[in-house]
Q: 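Quick one: structure below, then a few questions.
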Number of protein chains: 2
Amino acid sequence: MTGRHMPDGKAKAGSGPTLVDVAQAARVSLATASRVFSHPAMVRDSTAQRVHEAARRLDFRPNLLGSKLRAQQTRMIGVMLPTMDNAVFAECWRGIEEAALAAGYSLMLVTSGYDPKRERERVEYLLRHRVDGMVLTVADAARSAVLDQLDAEGVPYVLAYNQAGARSRRHSVSVDNRGSACDGVEALIAAGHRRIVVVSGAFVASDRARQRYAGYQDAMRAHGLVPSPVLSLPSHTASNAAQLRAQIEADDAPTAFFCTNDLLAIGVISDLRRLGLRVPADVSVLGYDGIALGTVMEPALATVVQPNTDIGARAVGRLLAWLHAATGEAPAAARVTLLPHALRVSGSIAAPPGGIRPRPLRSP
Amino acid sequence: MTGRHMPDGKAKAGSGPTLVDVAQAARVSLATASRVFSHPAMVRDSTAQRVHEAARRLDFRPNLLGSKLRAQQTRMIGVMLPTMDNAVFAECWRGIEEAALAAGYSLMLVTSGYDPKRERERVEYLLRHRVDGMVLTVADAARSAVLDQLDAEGVPYVLAYNQAGARSRRHSVSVDNRGSACDGVEALIAAGHRRIVVVSGAFVASDRARQRYAGYQDAMRAHGLVPSPVLSLPSHTASNAAQLRAQIEADDAPTAFFCTNDLLAIGVISDLRRLGLRVPADVSVLGYDGIALGTVMEPALATVVQPNTDIGARAVGRLLAWLHAATGEAPAAARVTLLPHALRVSGSIAAPPGGIRPRPLRSP
DNA sequence: GTGAAAGCGCTAACAG
DNA sequence: CTGTTAGCGCTTTCAC
């Protein structure tokens with residue numbers, strides 16, 4: 001917009017000196033100047049020196065738009081995550097940003113809010129920006145219009161968190177949702193719990209929640225216990241207390257809750273407290289995700305820990321490998337990457353209360 | 001990379017049909033086809049119709065790179081935030097994304113981690129992408145190399161959270177940090193507290209923390225109380241318990257803590273609990289930020305609530321106004337926007353304990 | 001090693 | 001209203 005000061009008097013309207021100006025100042029051709037930055041090996045050292053000097057003297061700043069357009073590849077990765085409000089994805093973003101920028105790639109972030117309509121819009125937005133590929137997390141990979149579209153158009157992408165099925169052709173980086181959930185529930189069982197209820201958010205919409213529920217079933221059955229149906233809590237607000245109360249006042253009240261994500265778990269712990277229960281003395285709570293916040297709380301949140309930052313970084317890594325394979329087809333090997341998970345069994349998990357189940361207090 | 005199917009047999013190597021193809025198919029000139037999308041009013045309806053049809057038939061997807069390069073304005077906003085790991089900025093991002101995309105602008109997000117060196121790199125990155133302007137939060141606006149650079153280059157930008165001084169030429173959107181902090185501390189005083197300590201993270205590095213501390217001093221002095229020096233906790237980990245213990249074991253132990261941000265407050269509450277104190281029965285804690293998580297906890301986090309999402313949206317709004325003013329100079333009026341704050345005085349705040357100060361338990 | 005020239009896809013004068 | 005034309009800044013054959 002505003003004109004800029006030109007030391008040599010040659011005023012330019014636009015946004016600063018271009019490669020042409022640099023070439024001129026260094027008394028080389030445009031082509032050579034370009035090569036100094038793109039293919040340094042192709043140019044004599046002394047020449048490169050002159051060009052660099054000229055560039056520095058003129059405060060030359062390469063216009064990425066030009067190179068991206070011309071090169072027909074933007075070195076940009078589109079990222080679509082459900083929301084930044086869940087720390088899981090915020091932590092993941094850190095990994096994505098580090099990995100991408102380190103590799104000289106640029107990023108374009110959009111959030112979908114788990115809304116299929118917005119997913120389509122945002123993906124279209126990314127496509128118009130001509131991203132070379134995408135890293136994304138969708139609500140349910142198995143029935144995702146947007147993924148189908150990407151497949152049809154041959155756009156390289158890798159899923160983060162969504163765990164592609166063994167027979168899927170899709171690429172994904174995640175933990176073993178089912179297996180890790182099973183591990184978590186087994187820890188609960190090992191602590192002495194028998195009546196364990198799974199709490200989930202929008203259960204039907206989330207493939208991960210379903211996979212984790214399956215893991216819960218595995219663990220229960222492996223120990224001769226009968227799985228309960230999932231308790232689906234639509235929101236993360238305190239209004240969930242009512243549904244929780246119904247659970248804990250039942251005769252066969254659960255002694256432990258397994259929440260399919262940490263945010264939910266934190267809310268459940270608070271609700272339980274409001275209902276007069278102590279966590280973990282009266283009731284245990286296990287989360288899933290391993291967000292940093294969980295370690296800060298008191299009691300610390302017991303949870304299945306995913307390597308969130310690493311999931312992001314690895315997803316970028318896989319995508320880059322694909323992009324650089326340049327065969328147009330993704331490397332066949334290892335479509336689905338399963339990262340190791342960990343268990344944090346502490347704080348919000350304890351043995352179930354002895355013979356006497358404490359009477360929940362009525363809230364005032 | 002991969003070739004795409006062309007219905008009419010004219011195979012194209014690149015990434016799909018271009019405007020030229022559409023123009024051809026619609027039997028109009030390239031210029032007309034372009035106008036249909038950029039200046040619909042300039043073209044006859046029937047013609048526009050033909051073009052739209054052709055575009056749809058060919059699955060035409062405009063290449064934003066082309067228009068951005070040619071138009072010499074990218075309609076892109078660069079966003080630099082300290083981190084997504086703090087919910088404050090995640091909430092802010094929501095506002096930014098909504099406002100920008102609604103206005104037809106694209107975004108490019110980077111995080112600085114409060115690191116000045118990274119700030120420079122990331123800003124350079126944004127500049128190379130030729131963003132039209134920026135929305136950013138820096139550690140300390142008063143001594144920010146990156147802001148000075150932006151000023152020198154005449155890049156339009158508006159600060160979010162950083163509150164530009166009255167005599168500054170900079171644009172900012174924030175709450176009144178000092179005044180709102182004062183309000184919060186007065187609520188503490190109104191609840192009966194006299195000995196109040198301010199807890200902060202990297203205090204010297206954050207202009208907001210300093211402003212909020214000043215607000216604390218205002219409140220204390222207004223009530224004839226003597227402000228304590230700030231208790232600076234470098235990290236958000238549990239190791240802070242030691243410093244907190246020193247505070248609460250002192251003879252004139254504070255009855256309330258004012259934390260300069262919510263994340264810190266949550267950590268402090270946990271640490272206090274670990275030290276055997278009940279919040280708010282034994283000690284009160286006031287936060288600052290108003291992140292959603294605070295309402296989920298038990299007890300709910302008392303805090304000074306900023307309109308985080310709105311701060312982001314308004315910052316974009318101000319930047320857009322600036323960009324559209326097109327005079328090259330920012331609209332002189334209202335450089336600094338102060339958004340209203342709110343107080344959430346509940347949960348973690350109560351009257352100080354009666355005559356007897358509870359003895360903190362030693363941790364096992 | 002280096003230079004000349006041809007565009008990437010699109011917009012914006014300028015004519016008609 | 002519509003078409004012709006000239007690039008935006010950069011990379012990349014193709015010669016030399």
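The chains referred to below are lettered A, B, ... by the order of the sequence lines, with proteins before strands, and numbering in each begins at 1.
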Q: With DNA chain D as reference, determine whether B:Arg27 or A:Leu19 sits nearer its 5' end, using the nearest nucleotide of each.
A: B:Arg27
Q: Could you check if a side-chain atom of A:Leu58 sits within less than 4.5 angstrom of a side-chain atom of A:Gln24, using non-hydrogen atoms only?
A: no
Q: Would you tell me if any nitrogen or oxygen in the side chain of A:His39 comes within less than 4.0 Å of OP1 or OP2 on D:dT12?
A: yes
Q: Whole angstroms only, please: what is the CZ-C1' distance between B:Arg75 and C:dC10?
A: 15 Å
Q: Nearest of C:dA6, C:dT11, D:dG3 to any side-chain atom of B:Ala31?
A: D:dG3
Q: Give a yes or no on whether a salt bridge exists between B:Asp148 and B:Arg170, defined as a side-chain N under 4.0 angstrom from a carboxylate O.
A: yes
Q: For a quick check of understanding: with a heavy-atom distance under 4.0 Å over all strands, which category does B:Ser34 fall into, base, sugar-phosphate or nothing?
A: base
Q: Using the side-chain heavy atoms of A:Thr32, tell me which of these nucleotides is nearest: D:dT11, C:dT2, D:dC8.
A: C:dT2
Q: For a quick check of understanding: with a heavy-atom distance under 4.0 Å over all strands, which category does A:Leu64 fall into, base, sugar-phosphate or nothing?
A: nothing
Q: Calculate the interatomic distance between A:Lys68 atom NZ and D:dT12 atom P; express it in whole Å.
A: 13 Å
Q: Starting at atom CE of A:Met42, determine the distance to atom C1' of D:dT12, rounded to an integer number of angstrom.
A: 9 Å
Q: Looking only at N and O atoms, is any donor in the side chain of B:Arg35 or the base of D:dG3 less than 3.5 Å from an acceptor on the other one?
A: yes
Q: Taking the inter-plane angle between the rings of B:His52 and B:Phe37 on a 0 to 90° scale, is it parallel (under 30°), tilted (30 to 60°) or perpendicular (over 60°)?
A: perpendicular
Q: Is the ring pair A:Tyr114/A:Phe89 parallel, tilted or perpendicular, if the boundaries are 30 and 60 degrees?
A: perpendicular
Q: Find which nucleotide of DNA chain C each of A:Ala71 and B:Leu30 is nearest to by heavy atoms, and output the residue with the more 5' nucleotide.
A: A:Ala71
Q: Between A:Arg61 (CZ) and D:dG9 (C1'), how many Å, whole number?
A: 15 Å
Q: Could you tell me whether the side chain of B:Thr309 and the main chain of B:Glu91 form a donor-acceptor pair under 3.5 Å?
A: yes
Q: Is any side-chain N or O of B:Ser29 closer than 4.0 Å to OP1 or OP2 of D:dG3?
A: yes
Q: Scan B:Phe60 against the nucleic acid and name what it touches under 4.0 Å (heavy atoms): base, sugar-phosphate only, or nothing.
A: sugar-phosphate
Q: Can you tell me the distance, in whole Å, between the CD atom of A:Gln73 and the C1' atom of D:dT11?
A: 11 Å
Q: In whole angstroms, how far is the P atom of C:dC8 from the CG atom of A:Leu69?
A: 9 Å
Q: Output yes when A:Arg128 and A:Glu124 qualify as a salt bridge under the 4.0 Å nitrogen-oxygen rule, no when they do not.
A: yes
Q: Among C:dG9, C:dT2, C:dT11, which nucleotide has an atom closest to any side-chain atom of B:Ser38?
A: C:dT11
Q: As a test of reading the structure: which of D:dG9, C:dC8, D:dC10 is closest to the side chain of A:Ser67, going by heavy atoms?
A: D:dC10
Q: Quick one: is A:Gln72 getting a side-chain N or O under 4.0 Å of the C:dG7 phosphate, OP1 or OP2?
A: no
Q: Check the distance between C:dC8's P and A:Arg130's CZ and give it to me in whole angstrom.
A: 14 Å
Q: Is it the case that more than 12 heavy atoms not belonging to B:Arg314 sit under 6.0 Å from its CZ atom?
A: no
Q: Report the C-alpha distance between A:Thr111 and A:Arg118 in whole Å, list the side-chain angles of each, state the deciding distance to 0.1 Å, and finish with yes or no for side-chain hydrogen bond (donor to acceptor under 3.5 Å, both in side chains).
A: CA-CA 8 Å; A:Thr111 60; A:Arg118 244 179 73 176; 3.0 Å; yes
Q: Which parts of residues 44-53 of chain A get close to DNA chain C, meaning a heavy atom less than 4.0 angstrom away?
A: A:Arg44, A:Thr47
Q: What is the nucleic acid contact for A:Leu65, judged by heavy atoms within less than 4.0 Å: base, sugar-phosphate only, or nothing?
A: nothing
